[in-house]
Amino acid sequence: MAGHTSRAGRIGRWAKALVAGAVLTAGLLTGAPQASAAGLGQVTGFGSNPGNLAMYSYVPGGLATGKPLVVALHGCTQTASDYYNNSGWAQLADRWGFAVVFPQTGATNNALSCFSWFDSAKDTRGKGEALSVKQMVDKAVALYGSDPSRVYVTGLSAGAGMAADLLADYPDVFAGGSIASGLPAQCATTQAAASGCQNANQNLTPAQWGDKVRASDPGWTGPWPRVAIWHGSSDSTVAPVNATELRDQWTDVWGIPQTASATRSLPGNTTLSEYDDASGRPAVQLYSVSGMGHGLPVSPGSGAADCGRSGAYFLSTVCSSYWTGLFWGLDGSGGGDNGGGTRLPAPGGLAVTGTTDTTAALSWNAVAGAASYTVYRGGVQVGAATGTAYTDSGLSAGTGYAYTVAAVDANGVVGTVSSAVTATTAGSVFTPRCFTDNNYSQVAAGRAHQSGGYAYTNGSNQTMGLWNLFVTHTLKETSAGYFVLADAGCGA
(Lines give C-alpha, C1' and ligand atoms only; values in the text may rest on other atoms or scores of the structure.)
Protein backbone atom coordinates (compact mmCIF):
# COMPACT_ATOMS: atom_id res chain seq x y z
CA MET A 1 0.00 0.00 0.00
CA ALA A 2 2.24 2.73 -1.24
CA GLY A 3 1.45 6.34 -0.53
CA HIS A 4 0.80 5.91 3.20
CA THR A 5 0.39 9.20 4.98
CA SER A 6 1.50 9.93 8.54
CA ARG A 7 -0.49 8.75 11.55
CA ALA A 8 -1.62 12.34 12.09
CA GLY A 9 -3.04 12.56 8.57
CA ARG A 10 -4.71 9.21 8.70
CA ILE A 11 -6.09 9.84 12.18
CA GLY A 12 -7.41 13.22 11.07
CA ARG A 13 -9.45 11.69 8.26
CA TRP A 14 -10.51 8.80 10.48
CA ALA A 15 -11.68 11.11 13.26
CA LYS A 16 -13.70 13.27 10.82
CA ALA A 17 -15.40 10.19 9.43
CA LEU A 18 -16.21 8.93 12.89
CA VAL A 19 -17.64 12.26 13.98
CA ALA A 20 -19.77 12.45 10.85
CA GLY A 21 -20.92 8.88 11.38
CA ALA A 22 -21.76 9.61 14.98
CA VAL A 23 -23.94 12.57 13.97
CA LEU A 24 -25.77 10.53 11.31
CA THR A 25 -26.36 7.51 13.54
CA ALA A 26 -26.63 9.01 17.01
CA GLY A 27 -30.11 7.64 17.44
CA LEU A 28 -28.95 4.11 16.66
CA LEU A 29 -26.16 3.74 19.25
CA THR A 30 -28.40 2.35 21.94
CA GLY A 31 -26.04 -0.47 22.88
CA ALA A 32 -23.55 1.82 24.66
CA PRO A 33 -23.43 2.06 28.45
CA GLN A 34 -23.88 5.51 29.88
CA ALA A 35 -20.78 7.36 31.11
CA SER A 36 -21.08 6.32 34.74
CA ALA A 37 -19.26 4.29 37.33
CA ALA A 38 -21.98 1.62 37.11
CA GLY A 39 -19.50 -0.99 35.91
CA LEU A 40 -18.81 -2.99 32.79
CA GLY A 41 -21.37 -2.70 30.03
CA GLN A 42 -21.81 -4.43 26.69
CA VAL A 43 -21.78 -2.46 23.45
CA THR A 44 -23.59 -3.85 20.42
CA GLY A 45 -23.72 -2.90 16.77
CA PHE A 46 -20.07 -1.91 16.46
CA GLY A 47 -19.60 -3.16 12.91
CA SER A 48 -19.56 -6.25 10.73
CA ASN A 49 -17.56 -8.04 13.45
CA PRO A 50 -15.89 -10.70 11.26
CA GLY A 51 -14.05 -12.08 14.29
CA ASN A 52 -17.26 -12.89 16.20
CA LEU A 53 -16.15 -11.00 19.31
CA ALA A 54 -18.19 -9.27 22.02
CA MET A 55 -17.47 -5.65 22.97
CA TYR A 56 -17.60 -4.46 26.57
CA SER A 57 -16.52 -1.09 27.90
CA TYR A 58 -16.01 0.86 31.09
CA VAL A 59 -16.39 4.65 31.11
CA PRO A 60 -15.86 6.64 34.33
CA GLY A 61 -18.69 8.94 35.30
CA GLY A 62 -18.50 12.42 33.82
CA LEU A 63 -15.65 11.57 31.45
CA ALA A 64 -14.89 14.51 29.18
CA THR A 65 -14.27 14.13 25.47
CA GLY A 66 -10.75 14.13 24.09
CA LYS A 67 -9.48 11.58 26.63
CA PRO A 68 -7.39 8.46 25.89
CA LEU A 69 -8.81 5.04 25.08
CA VAL A 70 -7.33 1.71 26.23
CA VAL A 71 -8.20 -1.65 24.67
CA ALA A 72 -7.57 -4.53 27.14
CA LEU A 73 -7.53 -8.15 25.90
CA HIS A 74 -8.03 -11.04 28.33
CA GLY A 75 -6.07 -14.29 28.38
CA CYS A 76 -7.18 -17.84 27.61
CA THR A 77 -10.02 -19.24 29.79
CA GLN A 78 -10.82 -15.67 30.89
CA THR A 79 -13.58 -13.19 30.09
CA ALA A 80 -13.85 -9.45 29.70
CA SER A 81 -15.34 -9.36 33.20
CA ASP A 82 -12.30 -11.14 34.66
CA TYR A 83 -9.99 -8.59 33.10
CA TYR A 84 -12.19 -5.69 34.18
CA ASN A 85 -12.27 -6.91 37.78
CA ASN A 86 -8.60 -7.89 38.21
CA SER A 87 -6.27 -6.08 35.81
CA GLY A 88 -6.46 -2.65 37.47
CA TRP A 89 -7.38 -0.80 34.28
CA ALA A 90 -10.82 0.22 35.58
CA GLN A 91 -9.23 1.65 38.76
CA LEU A 92 -6.76 3.67 36.71
CA ALA A 93 -9.53 4.83 34.37
CA ASP A 94 -11.29 6.35 37.40
CA ARG A 95 -8.06 7.88 38.72
CA TRP A 96 -6.67 9.34 35.48
CA GLY A 97 -9.77 9.69 33.29
CA PHE A 98 -9.97 7.49 30.18
CA ALA A 99 -12.28 4.89 28.67
CA VAL A 100 -11.49 1.17 28.45
CA VAL A 101 -12.75 -1.34 25.89
CA PHE A 102 -12.65 -5.01 26.91
CA PRO A 103 -13.04 -7.27 23.85
CA GLN A 104 -14.17 -10.82 24.58
CA THR A 105 -13.79 -14.04 22.64
CA GLY A 106 -15.34 -17.37 23.54
CA ALA A 107 -15.46 -21.13 23.05
CA THR A 108 -17.14 -20.74 19.66
CA ASN A 109 -13.94 -19.18 18.34
CA ASN A 110 -11.46 -21.23 20.39
CA ALA A 111 -12.00 -24.14 22.79
CA LEU A 112 -10.03 -22.32 25.51
CA SER A 113 -11.47 -18.87 24.72
CA CYS A 114 -8.08 -17.69 23.43
CA PHE A 115 -7.67 -14.84 20.98
CA SER A 116 -6.31 -16.22 17.69
CA TRP A 117 -2.88 -14.56 17.64
CA PHE A 118 -1.55 -17.51 15.59
CA ASP A 119 -4.08 -17.50 12.72
CA SER A 120 -3.28 -15.28 9.73
CA ALA A 121 -6.93 -15.33 8.69
CA LYS A 122 -7.89 -13.73 12.00
CA ASP A 123 -4.96 -11.66 13.29
CA THR A 124 -3.95 -9.58 10.27
CA ARG A 125 -4.99 -6.11 9.13
CA GLY A 126 -8.53 -6.00 7.78
CA LYS A 127 -9.37 -9.58 8.79
CA GLY A 128 -11.11 -11.53 11.53
CA GLU A 129 -10.58 -10.67 15.16
CA ALA A 130 -8.10 -7.91 14.34
CA LEU A 131 -10.71 -6.07 12.28
CA SER A 132 -13.35 -6.63 14.97
CA VAL A 133 -11.12 -4.91 17.53
CA LYS A 134 -10.46 -2.05 15.08
CA GLN A 135 -14.22 -1.66 14.68
CA MET A 136 -14.57 -1.51 18.47
CA VAL A 137 -12.03 1.32 18.55
CA ASP A 138 -13.97 3.20 15.89
CA LYS A 139 -17.19 2.77 17.85
CA ALA A 140 -15.63 3.87 21.14
CA VAL A 141 -14.08 6.97 19.60
CA ALA A 142 -17.46 7.92 18.18
CA LEU A 143 -19.39 7.15 21.38
CA TYR A 144 -17.10 8.59 24.01
CA GLY A 145 -15.27 11.26 22.05
CA SER A 146 -11.94 9.58 22.79
CA ASP A 147 -8.80 11.14 21.35
CA PRO A 148 -7.96 9.02 18.25
CA SER A 149 -4.29 9.91 18.58
CA ARG A 150 -4.18 8.39 22.09
CA VAL A 151 -5.48 4.86 21.61
CA TYR A 152 -3.55 2.04 23.30
CA VAL A 153 -3.81 -1.75 23.39
CA THR A 154 -2.75 -4.19 26.10
CA GLY A 155 -3.26 -7.87 26.79
CA LEU A 156 -2.27 -11.01 28.68
CA SER A 157 -0.98 -14.27 27.18
CA ALA A 158 -3.02 -14.97 24.02
CA GLY A 159 -4.51 -11.51 24.46
CA ALA A 160 -0.95 -10.17 24.54
CA GLY A 161 -0.10 -12.08 21.37
CA MET A 162 -3.11 -10.47 19.72
CA ALA A 163 -2.11 -7.07 21.12
CA ALA A 164 1.31 -7.45 19.48
CA ASP A 165 -0.37 -8.36 16.20
CA LEU A 166 -2.69 -5.35 16.44
CA LEU A 167 0.26 -3.00 17.00
CA ALA A 168 1.81 -4.35 13.81
CA ASP A 169 -1.48 -4.41 11.87
CA TYR A 170 -2.63 -0.93 12.85
CA PRO A 171 0.32 1.33 13.71
CA ASP A 172 -1.84 4.17 12.41
CA VAL A 173 -4.43 3.45 15.14
CA PHE A 174 -2.45 2.48 18.25
CA ALA A 175 -0.01 4.94 19.80
CA GLY A 176 1.29 2.35 22.23
CA GLY A 177 0.96 -1.20 23.45
CA SER A 178 1.70 -3.47 26.39
CA ILE A 179 2.38 -7.19 26.04
CA ALA A 180 2.22 -9.28 29.24
CA SER A 181 3.43 -12.90 29.11
CA GLY A 182 2.98 -12.69 25.36
CA LEU A 183 4.66 -13.29 22.04
CA PRO A 184 6.14 -11.31 19.15
CA ALA A 185 3.87 -9.97 16.43
CA GLN A 186 3.12 -12.59 13.76
CA CYS A 187 5.34 -15.19 15.41
CA ALA A 188 3.05 -17.97 14.14
CA THR A 189 0.69 -17.99 11.18
CA THR A 190 -0.97 -21.36 11.95
CA GLN A 191 -2.16 -23.03 15.13
CA ALA A 192 0.31 -25.87 14.51
CA ALA A 193 3.19 -23.38 14.76
CA ALA A 194 1.89 -21.74 17.94
CA SER A 195 3.50 -24.14 20.43
CA GLY A 196 6.91 -23.58 18.87
CA CYS A 197 6.59 -19.86 19.47
CA GLN A 198 5.43 -20.39 23.03
CA ASN A 199 8.15 -22.80 24.05
CA ALA A 200 11.32 -22.12 22.09
CA ASN A 201 13.69 -19.54 20.67
CA GLN A 202 12.83 -18.95 17.01
CA ASN A 203 16.45 -17.98 16.23
CA LEU A 204 15.50 -14.92 14.19
CA THR A 205 17.57 -11.78 13.98
CA PRO A 206 16.11 -8.46 15.17
CA ALA A 207 15.77 -7.44 11.51
CA GLN A 208 13.80 -10.60 10.72
CA TRP A 209 11.50 -9.93 13.67
CA GLY A 210 11.14 -6.32 12.60
CA ASP A 211 10.24 -7.40 9.07
CA LYS A 212 7.20 -9.21 10.43
CA VAL A 213 5.91 -5.90 11.77
CA ARG A 214 6.78 -3.95 8.63
CA ALA A 215 5.04 -6.55 6.45
CA SER A 216 1.84 -6.30 8.50
CA ASP A 217 1.05 -2.83 7.13
CA PRO A 218 3.29 -2.40 4.05
CA GLY A 219 4.17 1.17 3.24
CA TRP A 220 3.80 2.47 6.78
CA THR A 221 7.07 4.05 7.86
CA GLY A 222 6.12 5.51 11.22
CA PRO A 223 5.61 6.83 13.74
CA TRP A 224 5.60 3.47 15.52
CA PRO A 225 3.82 2.56 18.75
CA ARG A 226 5.72 2.73 22.05
CA VAL A 227 5.76 -0.79 23.44
CA ALA A 228 6.01 -2.14 27.01
CA ILE A 229 6.91 -5.83 27.47
CA TRP A 230 6.15 -7.70 30.73
CA HIS A 231 7.33 -11.23 31.47
CA GLY A 232 8.03 -13.45 34.47
CA SER A 233 11.39 -15.19 34.62
CA SER A 234 9.69 -18.45 35.73
CA ASP A 235 6.97 -18.51 33.08
CA SER A 236 6.61 -22.13 31.92
CA THR A 237 3.62 -21.47 29.64
CA VAL A 238 5.16 -18.81 27.39
CA ALA A 239 8.95 -19.07 27.55
CA PRO A 240 10.73 -15.89 28.76
CA VAL A 241 12.75 -15.82 25.52
CA ASN A 242 9.61 -14.35 23.94
CA ALA A 243 10.25 -11.15 25.89
CA THR A 244 13.72 -10.91 24.39
CA GLU A 245 12.32 -11.55 20.92
CA LEU A 246 9.71 -8.84 21.45
CA ARG A 247 12.47 -6.48 22.56
CA ASP A 248 14.45 -7.33 19.43
CA GLN A 249 11.39 -6.90 17.22
CA TRP A 250 10.29 -3.49 18.40
CA THR A 251 13.74 -1.96 18.86
CA ASP A 252 14.51 -2.97 15.28
CA VAL A 253 11.27 -1.39 14.07
CA TRP A 254 12.27 1.80 15.87
CA GLY A 255 15.79 1.59 14.45
CA ILE A 256 17.44 1.67 17.87
CA PRO A 257 20.01 -0.68 19.51
CA GLN A 258 19.07 -3.76 21.46
CA THR A 259 21.32 -2.55 24.31
CA ALA A 260 19.36 -0.86 27.10
CA SER A 261 19.75 2.90 27.50
CA ALA A 262 19.04 2.54 31.23
CA THR A 263 17.96 -0.08 33.76
CA ARG A 264 16.45 0.23 37.21
CA SER A 265 14.69 -1.78 39.88
CA LEU A 266 10.95 -1.58 40.57
CA PRO A 267 8.80 -3.23 43.25
CA GLY A 268 8.05 -6.94 43.08
CA ASN A 269 11.57 -8.01 42.07
CA THR A 270 11.07 -6.26 38.76
CA THR A 271 13.87 -5.00 36.54
CA LEU A 272 13.00 -2.32 33.99
CA SER A 273 15.21 -1.94 30.92
CA GLU A 274 14.53 1.06 28.69
CA TYR A 275 15.47 1.55 25.05
CA ASP A 276 15.46 5.19 24.00
CA ASP A 277 14.58 6.72 20.66
CA ALA A 278 16.71 9.37 18.97
CA SER A 279 15.17 12.10 21.16
CA GLY A 280 16.09 10.30 24.39
CA ARG A 281 12.57 9.10 25.22
CA PRO A 282 11.96 5.39 25.89
CA ALA A 283 10.41 3.76 22.83
CA VAL A 284 10.52 0.21 24.18
CA GLN A 285 10.44 -0.95 27.80
CA LEU A 286 11.19 -4.48 29.02
CA TYR A 287 9.98 -5.42 32.51
CA SER A 288 11.38 -8.71 33.81
CA VAL A 289 9.70 -9.95 37.01
CA SER A 290 12.08 -12.32 38.80
CA GLY A 291 10.48 -15.57 39.94
CA MET A 292 7.04 -14.81 38.48
CA GLY A 293 5.16 -17.44 36.49
CA HIS A 294 2.58 -17.01 33.76
CA GLY A 295 0.15 -14.17 34.31
CA LEU A 296 -0.44 -10.44 34.55
CA PRO A 297 1.53 -8.68 37.32
CA VAL A 298 -0.82 -6.87 39.73
CA SER A 299 -0.34 -5.28 43.14
CA PRO A 300 -3.47 -5.11 45.33
CA GLY A 301 -3.32 -2.33 47.88
CA SER A 302 -3.96 1.33 48.53
CA GLY A 303 -0.58 2.77 47.57
CA ALA A 304 -0.06 5.17 44.68
CA ALA A 305 1.53 2.44 42.55
CA ASP A 306 -0.95 -0.30 43.53
CA CYS A 307 -3.80 -1.60 41.41
CA GLY A 308 -5.55 -4.81 40.44
CA ARG A 309 -6.69 -7.88 42.32
CA SER A 310 -4.91 -11.22 42.58
CA GLY A 311 -6.44 -14.39 41.19
CA ALA A 312 -5.85 -17.08 38.60
CA TYR A 313 -3.24 -15.61 36.22
CA PHE A 314 -3.33 -12.28 38.06
CA LEU A 315 -0.14 -12.51 40.10
CA SER A 316 0.58 -10.26 43.07
CA THR A 317 4.00 -8.73 42.33
CA VAL A 318 3.87 -5.24 40.82
CA CYS A 319 1.02 -3.36 39.13
CA SER A 320 1.93 -3.62 35.46
CA SER A 321 -1.10 -1.52 34.45
CA TYR A 322 0.09 1.39 36.61
CA TRP A 323 3.63 1.44 35.20
CA THR A 324 2.34 0.94 31.67
CA GLY A 325 -0.08 3.83 32.14
CA LEU A 326 2.80 6.08 33.21
CA PHE A 327 4.80 5.00 30.16
CA TRP A 328 1.92 6.00 27.92
CA GLY A 329 1.32 9.24 29.81
CA LEU A 330 -2.22 8.39 30.89
CA ASP A 331 -1.54 10.25 34.13
CA GLY A 332 -1.17 13.47 32.15
CA SER A 333 2.63 13.47 32.16
CA GLY A 334 2.98 13.12 28.41
CA GLY A 335 4.40 9.61 28.68
CA GLY A 336 7.39 7.92 27.18
CA ASP A 337 9.46 8.14 30.33
CA ASN A 338 7.34 6.91 33.26
CA GLY A 339 5.98 10.28 34.20
CA GLY A 340 8.99 12.54 33.79
CA GLY A 341 10.21 14.92 31.16
CA THR A 342 13.56 14.73 29.46
CA ARG A 343 15.93 12.31 31.15
CA LEU A 344 18.36 14.04 33.53
CA PRO A 345 21.96 14.36 32.30
CA ALA A 346 24.84 12.28 33.65
CA PRO A 347 26.51 13.61 36.81
CA GLY A 348 29.94 15.05 36.16
CA GLY A 349 33.05 14.93 38.28
CA LEU A 350 32.67 11.38 39.55
CA ALA A 351 35.80 10.62 41.60
CA VAL A 352 37.14 8.22 44.19
CA THR A 353 37.75 10.17 47.40
CA GLY A 354 39.17 7.34 49.50
CA THR A 355 39.47 3.58 49.98
CA THR A 356 40.14 1.05 52.74
CA ASP A 357 40.52 -2.69 52.38
CA THR A 358 36.70 -3.08 52.40
CA THR A 359 35.26 0.31 51.33
CA ALA A 360 35.37 2.83 48.50
CA ALA A 361 34.18 6.42 48.88
CA LEU A 362 32.84 8.37 45.88
CA SER A 363 31.70 11.91 45.14
CA TRP A 364 30.24 13.70 42.12
CA ASN A 365 28.77 17.01 41.03
CA ALA A 366 25.12 17.81 41.67
CA VAL A 367 22.58 17.61 38.83
CA ALA A 368 19.82 20.20 38.73
CA GLY A 369 16.42 18.57 39.29
CA ALA A 370 17.82 15.41 40.90
CA ALA A 371 15.88 14.03 43.85
CA SER A 372 18.46 11.28 44.46
CA TYR A 373 21.29 9.37 42.82
CA THR A 374 21.74 5.69 41.97
CA VAL A 375 25.21 4.15 42.32
CA TYR A 376 26.33 1.19 40.20
CA ARG A 377 29.26 -1.17 40.74
CA GLY A 378 30.19 -3.14 37.64
CA GLY A 379 26.90 -2.09 36.04
CA VAL A 380 24.77 -3.44 38.91
CA GLN A 381 23.00 -1.07 41.31
CA VAL A 382 24.56 -1.21 44.76
CA GLY A 383 23.13 1.83 46.49
CA ALA A 384 21.41 5.19 46.42
CA ALA A 385 22.16 8.62 47.88
CA THR A 386 20.22 11.84 48.35
CA GLY A 387 23.45 13.84 48.33
CA THR A 388 26.51 13.80 46.08
CA ALA A 389 28.62 11.25 47.98
CA TYR A 390 28.42 7.55 48.68
CA THR A 391 30.58 4.96 50.43
CA ASP A 392 30.40 1.39 49.18
CA SER A 393 31.24 -1.32 51.73
CA GLY A 394 31.71 -5.06 52.02
CA LEU A 395 34.41 -5.10 49.33
CA SER A 396 37.36 -7.44 48.95
CA ALA A 397 40.89 -6.25 49.68
CA GLY A 398 43.27 -5.45 46.85
CA THR A 399 40.52 -5.42 44.24
CA GLY A 400 39.54 -2.93 41.54
CA TYR A 401 35.89 -1.94 41.17
CA ALA A 402 34.28 0.10 38.38
CA TYR A 403 31.66 2.65 39.50
CA THR A 404 29.11 4.79 37.68
CA VAL A 405 26.30 7.01 38.98
CA ALA A 406 23.02 8.38 37.61
CA ALA A 407 20.64 11.11 38.76
CA VAL A 408 17.01 10.23 39.57
CA ASP A 409 14.25 12.82 39.20
CA ALA A 410 11.21 13.34 41.46
CA ASN A 411 9.17 10.84 39.39
CA GLY A 412 11.73 8.09 39.89
CA VAL A 413 13.05 8.27 36.34
CA VAL A 414 16.74 7.36 36.17
CA GLY A 415 18.88 9.69 34.10
CA THR A 416 21.89 9.10 31.89
CA VAL A 417 24.66 7.06 33.52
CA SER A 418 28.00 8.77 34.11
CA SER A 419 31.41 7.73 32.86
CA ALA A 420 33.08 5.06 35.00
CA VAL A 421 35.85 5.43 37.56
CA THR A 422 37.86 2.61 39.14
CA ALA A 423 38.45 2.30 42.86
CA THR A 424 41.08 -0.19 44.08
CA THR A 425 40.78 -1.27 47.68
CA ALA A 426 43.83 -1.56 49.93
CA GLY A 427 45.39 -4.89 50.84
CA SER A 428 46.59 -7.96 49.00
CA VAL A 429 45.77 -8.47 45.33
CA PHE A 430 42.69 -10.52 44.45
CA THR A 431 43.41 -13.98 43.00
CA PRO A 432 41.21 -14.74 39.95
CA ARG A 433 39.05 -17.90 40.05
CA CYS A 434 37.14 -19.82 37.38
CA PHE A 435 33.78 -21.59 37.58
CA THR A 436 32.36 -23.96 34.95
CA ASP A 437 28.65 -24.71 35.18
CA ASN A 438 25.35 -24.40 33.32
CA ASN A 439 23.73 -20.99 32.98
CA TYR A 440 20.96 -21.76 35.46
CA SER A 441 23.45 -22.73 38.17
CA GLN A 442 25.73 -19.77 37.40
CA VAL A 443 22.78 -17.44 38.05
CA ALA A 444 21.77 -19.35 41.18
CA ALA A 445 25.33 -19.04 42.52
CA GLY A 446 25.34 -15.28 42.06
CA ARG A 447 27.94 -15.23 39.29
CA ALA A 448 25.43 -14.15 36.64
CA HIS A 449 21.94 -12.76 36.33
CA GLN A 450 19.07 -13.28 33.93
CA SER A 451 16.82 -10.96 31.98
CA GLY A 452 14.20 -11.89 29.39
CA GLY A 453 15.18 -15.57 29.48
CA TYR A 454 18.88 -14.94 28.81
CA ALA A 455 21.81 -15.08 31.23
CA TYR A 456 24.44 -12.33 31.60
CA THR A 457 27.69 -12.27 33.56
CA ASN A 458 27.72 -10.15 36.71
CA GLY A 459 30.02 -7.18 36.36
CA SER A 460 30.94 -7.37 32.67
CA ASN A 461 27.31 -8.06 31.62
CA GLN A 462 28.41 -10.35 28.77
CA THR A 463 25.70 -12.42 27.06
CA MET A 464 25.81 -16.13 27.98
CA GLY A 465 22.83 -17.36 25.95
CA LEU A 466 19.61 -18.93 27.20
CA TRP A 467 19.05 -19.16 30.95
CA ASN A 468 18.67 -22.92 31.30
CA LEU A 469 20.37 -26.17 32.28
CA PHE A 470 21.59 -26.96 28.78
CA VAL A 471 24.04 -24.12 28.11
CA THR A 472 27.37 -24.29 29.93
CA HIS A 473 30.08 -21.63 30.27
CA THR A 474 33.26 -21.01 32.22
CA LEU A 475 33.23 -17.71 34.10
CA LYS A 476 36.37 -16.07 35.44
CA GLU A 477 36.12 -13.84 38.52
CA THR A 478 38.73 -11.18 37.82
CA SER A 479 37.84 -9.14 40.90
CA ALA A 480 35.36 -9.72 43.67
CA GLY A 481 31.93 -10.02 42.10
CA TYR A 482 33.17 -9.21 38.58
CA PHE A 483 32.94 -12.11 36.09
CA VAL A 484 33.93 -12.48 32.45
CA LEU A 485 33.43 -15.32 29.95
CA ALA A 486 36.49 -17.61 29.91
CA ASP A 487 35.42 -20.55 27.75
CA ALA A 488 38.84 -20.47 26.08
CA GLY A 489 40.45 -21.32 29.41
CA CYS A 490 40.87 -19.90 32.89
CA GLY A 491 44.19 -18.35 32.00
CA ALA A 492 42.68 -16.39 29.11
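On a predicted model such as this, the values are computed, not experimentally measured, just so you know. Along the sequence shown, the residues carry numbers beginning at 1.
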Is the side chain of Asn109 donor-acceptor paired with the backbone N or O of Gly51 at a distance under 3.5 Å, no angle test?
yes

Ignoring hydrogens and angles, tell me if any N or O in the side chain of Asn439 forms a donor-acceptor pair with the backbone of Met464 under 3.5 Å.
yes

His231 versus Asn242, side-chain donor and acceptor atoms under 3.5 Å
no

Quick check: Tyr287 with Trp230 (ring centres under 6.0 Å apart)?
yes

Without swapping roles, check the side chain of Ser310 against the backbone of Leu315 for a donor-acceptor pair under 3.5 Å.
no

Hydrogens and angles aside, do Tyr275 and Arg247 bring a side-chain donor and acceptor to less than 3.5 Å of each other?
yes

Which of Phe115, Phe102, Tyr56, Phe314 passes ring-ring contact (aromatic ring centres under 6.0 Å, His included) with His74? Answer is Phe115

Any donor-acceptor pair under 3.5 Å linking the side chain of Asn468 with the backbone of Val471?
yes

NZ (Lys212) with more than 12 external heavy atoms under 6.0 Å
yes

Determine whether a donor-acceptor pair (N or O, by modelled atom type, separation under 3.5 Å) exists between the side chain of Lys139 and the backbone of Gly45.
yes

Hey, is Asp277 close enough to Arg226 for a salt bridge, meaning N to O under 4.0 Å?
yes

Counting N and O atoms only, with roles assigned by atom type, does the side chain of Ser261 sit under 3.5 Å from a partner on the main chain of Asp276, one being a donor and the other an acceptor?
yes

Tell me if the centroids of the rings in Tyr83 and Trp89 come within less than 6.0 Å of each other.
no

Among Leu167, Val153, Val151, which residue satisfies the side chain to side chain contact (heavy atoms under 4.5 Å, CB included) criterion with Pro225?
Leu167

Any salt bridge linking Asp252 with Arg214? Criterion: basic side-chain nitrogen under 4.0 Å from a carboxylate oxygen.
yes

Does any part of the side chain of Arg447, heavy atoms only, come nearer than 4.5 Å to the side chain of Asp437, both counted from C-beta?
yes

Do the side chain of Ser321 and the main chain of Ser87 share a donor and acceptor less than 3.5 angstrom apart?
yes

To the nearest 0.5 Å, what is the distance between OG1 (Thr317) and CG (Leu266)?
11.0 Å

Pair Phe174-Val137, side chain to side chain contact (heavy atoms under 4.5 Å, CB included): steps then yes or no:
CA-CA 10 Å; Phe174 296 105; Val137 171; 4.1 Å; yes

Short N-O contact, Arg309 and Asp82, less than 4.0 angstrom
no

For the residue pair Tyr84 and Tyr58, is the inter-centroid distance of their aromatic rings smaller than 6.0 Å?
yes

Nearest 0.5 Å please: distance from the CG atom of Leu69 over to the OG atom of Ser146.
4.5 Å

Gln202 side-chain N/O to Gly196 backbone N/O, donor-acceptor pair under 3.5 Å
yes

Main chain of Ala80, side chain of Gln104: is a donor-acceptor contact present, judged purely on distance under 3.5 Å?
yes

In short, Gln249 meets Ala185 closest at the heavy-atom pair OE1-N, 2.9 Å

For a salt bridge (charged side-chain N to carboxylate O under 4.0 Å, His left out) with Arg125, tell me which candidate from Asp165, Asp172, Asp169 qualifies.
Asp172

Checking Asp331 against Tyr322 for the side chain to side chain donor-acceptor pair (under 3.5 Å) test, could you report, in this order, the C-alpha distance in whole Å, the side-chain angles of both residues, the deciding distance, and whether it holds?
CA-CA 9 Å; Asp331 64 330; Tyr322 170 82; over 6 Å; no

Assess whether atom OH of Tyr313 is packed by more than 12 heavy atoms of other residues, nucleotides or ligands within 6.0 Å.
no

Is atom CD of Gln191 surrounded by more than 12 heavy atoms (other residues, nucleotides or ligands) closer than 6.0 Å?
no

Ser460 side-chain N/O to Thr457 backbone N/O, donor-acceptor pair under 3.5 Å:
no

